[in-house]
2 protein chains.
Amino acid sequence: MNAELSKNFGKIIIEFRKEKKISQEELGFRSNLHRTYIGMIERGEKNITLENIDKLSKGLDVSMKLIFEKLNKLIIIWKNIFLKNL
Amino acid sequence: MNAELSKNFGKIIIEFRKEKKISQEELGFRSNLHRTYIGMIERGEKNITLENIDKLSKGLDVSMKLIFEKLNKLIIIWKNIFLKNL
DNA sequence: CTCATACTACATACTATAGTTAGCATATTA
DNA sequence: TAATATGCTAACTATAGTATGTAGTATGAG
């Protein structure tokens, strides 16, 4: 599993959730996913599927496009940090 | 499984692949995924994971952001067709 | 402060299903 | 018609999805 990718994805989800000021449990309700599963995703412990990305985006009331826009930006930032340390 | 979502995703992948003028097999090589798996994804038979979305995007040399931008647009089109038939 | 409440982390464990491959059928095209 | 590309079935194995329970942490009211 690509842990780095999942972790970055988790960070994005946390960011959006905090923005909406809701708990993992509340996000679970809204996206029809279990409370602990949300936690796992946020900690980057699971390689989420397309269907659940869609559910999360609906629960967070943001488009998948926006999620991946942020994710791509985050990945680029990480890449640059990595390259600087070569 | 959300078949509609997977099918729409598959259509996007086909679109990008044809744009690059490569076969499923070639895309398989480039993204490090099996030929038949690419076929399944394009036919919307599998609920793909984030990791493999990432692999595909690299094999197709496009950003995930762009994939989901197109996917969101396609979903909106499908929604409108659905609403018109109410 | 301190107690209660809400929130999150984490460790299992189970069951669904994604990921992977082989093989053969069926187009498609040169 | 030979070569190339795709569809599809079937099987296996890896792991995502789901849930319970417990422990720890943060926060706010009294």
Side-chain angles (χ1 to χ4, degrees), chain A residues 1-62 64 67-68 70-71 74-75, chain B residues 1-64 67-68 70-72 74-75:
Chain A
M1 193 182 105
N2 187 339
E4 213 56 57
L5 180 63
S6 293
K7 277 183 191 170
N8 283 328
F9 185 85
K11 282 176 193 156
I12 303 296
I13 297 304
I14 293 175
E15 203 175 312
F16 276 119
R17 181 172 62 80
K18 298 250 156 126
E19 215 170 77
K20 307 281 170 182
K21 296 188 204 306
I22 58 175
S23 69
Q24 290 180 346
E25 191 162 20
E26 177 59 26
L27 178 55
F29 285 133
R30 295 189 190 185
S31 49
N32 206 30
L33 292 166
H34 200 274
R35 169 179 73 78
T36 57
Y37 180 63
I38 303 287
M40 290 173 177
I41 292 300
E42 289 190 349
R43 274 174 269 129
E45 293 174 4
K46 290 282 180 179
N47 178 20
I48 193 170
T49 58
L50 180 60
E51 183 169 2
N52 281 353
I53 294 171
D54 186 51
K55 284 185 183 176
L56 271 183
S57 82
K58 280 166 182 160
L60 288 167
D61 195 33
V62 296
M64 290 193 285
I67 290 175
F68 281 90
K70 285 212 179 190
L71 183 57
L74 193 56
I75 289 169
Chain B
M1 194 182 104
N2 188 339
E4 212 55 57
L5 179 63
S6 293
K7 278 183 190 168
N8 283 329
F9 185 85
K11 281 175 194 158
I12 303 296
I13 298 303
I14 293 174
E15 203 175 311
F16 277 118
R17 180 171 62 80
K18 298 251 156 122
E19 216 169 77
K20 307 280 170 181
K21 297 190 203 306
I22 58 174
S23 68
Q24 290 180 347
E25 192 162 20
E26 177 59 26
L27 178 54
F29 285 132
R30 296 190 189 185
S31 49
N32 205 30
L33 292 167
H34 201 274
R35 170 181 76 77
T36 56
Y37 180 64
I38 304 286
M40 290 174 178
I41 292 300
E42 289 191 348
R43 275 174 268 126
E45 292 174 6
K46 289 281 180 181
N47 178 20
I48 192 170
T49 58
L50 180 60
E51 183 169 2
N52 281 353
I53 294 170
D54 186 51
K55 284 185 183 175
L56 272 183
S57 83
K58 280 166 181 161
L60 288 167
D61 194 33
V62 295
S63 66
M64 291 194 285
I67 290 176
F68 281 90
K70 286 212 179 188
L71 183 57
N72 272 138
L74 194 56
I75 288 170

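Chain identifiers are assigned alphabetically (A, B, ...) following the order of the sequence lines, protein sequences preceding nucleic acid strands; residue numbering begins at 1 within each chain. All values below were derived from every heavy atom in this structure, side-chain atoms included, with hydrogens, water molecules and symmetry-related copies excluded.
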Item to check | Nearest-angstrom distance from the residue atom CD of A:E26 to C1' of C:dA6 | outcome: 13 Å

Checklist outcome for this item: With the side chain defined as heavy atoms from C-beta on, B:S23 is closest, among C:dG19, D:dA16, D:dA5, to D:dA5

Next on the checklist: Looking at A:Q24, I'd like to know whether one of its side-chain N or O atoms comes within less than 4.0 Å of OP1 or OP2 on C:dA6.
Outcome noted: no

Next on the checklist: Using whole Å, what does the distance between atom C1' of nucleotide D:dT6 and atom CD1 of B:I14 come to?
Outcome noted: 10 Å

Checklist entry - Do the numbers put A:K70 on top of the ring of A:F9, so that NZ or CZ is under 6.0 Å from the six-membered ring centre and no more than 45° off the axis? => result no

Next on the checklist: Side chains of A:N52 and B:N47, heavy atoms from C-beta outward: is any pair under 4.5 Å?
Outcome noted: no

Checklist entry - Would one find a side-chain N or O of A:R43 under 4.0 angstrom from OP1 or OP2 of C:dA9? => result yes

Item to check | Whole-Å gap separating C1' (C:dA9) and CD1 (A:I41) | outcome: 15 Å

Next on the checklist: With rounding to the closest Å, how many angstrom separate the P atoms on D:dG17 and C:dT20?
Outcome noted: 15 Å

Checklist outcome for this item: B:K21 NZ to C:dT29 C1', in whole Å, measures 16 Å

Checklist entry - Where each residue is assigned the nucleotide of DNA chain D containing its nearest heavy atom, which of B:G39 and B:T49 is assigned the position nearer the 5′ end? => result B:G39

Checklist entry - Can you check whether A:R35 has a side-chain N or O nearer than 4.0 Å to OP1 or OP2 of D:dG17? => result no

Checklist entry - So does A:K11 pair up with A:E15, basic N to acidic O under 4.0 Å? => result no

Checklist entry - Can you tell me if the side-chain N/O atoms of B:N52 get under 4.0 Å from OP1 or OP2 in C:dG19? => result yes

Checklist entry - Quick one: A:H34 NE2 to C:dC10 C1', roughly how many Å, whole number? => result 14 Å

Item to check | Distance in angstrom units between A:K55 NZ and D:dA16 P, rounded | outcome: 16 Å

Checklist entry - Roughly how many Å is it from CG in A:L50 to P in C:dG19, rounded to a whole number? => result 10 Å

Checklist outcome for this item: Testing D:dG17, C:dG19, C:dT20 for proximity to the side chain of A:I48, the answer is D:dG17

Next on the checklist: If I take atom CD in residue A:E25 and atom P in nucleotide C:dA6, what distance separates them, rounded to the nearest angstrom?
Outcome noted: 10 Å

Next on the checklist: For A:E45 and B:Y37, find the nucleotide of DNA chain C closest to each by heavy atoms; which residue's nucleotide sits nearer the 5' end?
Outcome noted: A:E45

Item to check | Contact check, side chains of A:F16 and A:L56, non-hydrogen atoms, under 4.5 Å | outcome: no

Item to check | Side chain A:R17, main chain A:I22, donor-acceptor under 3.5 Å | outcome: yes

Checklist entry - Within the modelled atom types, does a donor on one side and an acceptor on the other bring the side chain of A:T36 and the base of D:dA19 under 3.5 Å apart? => result yes

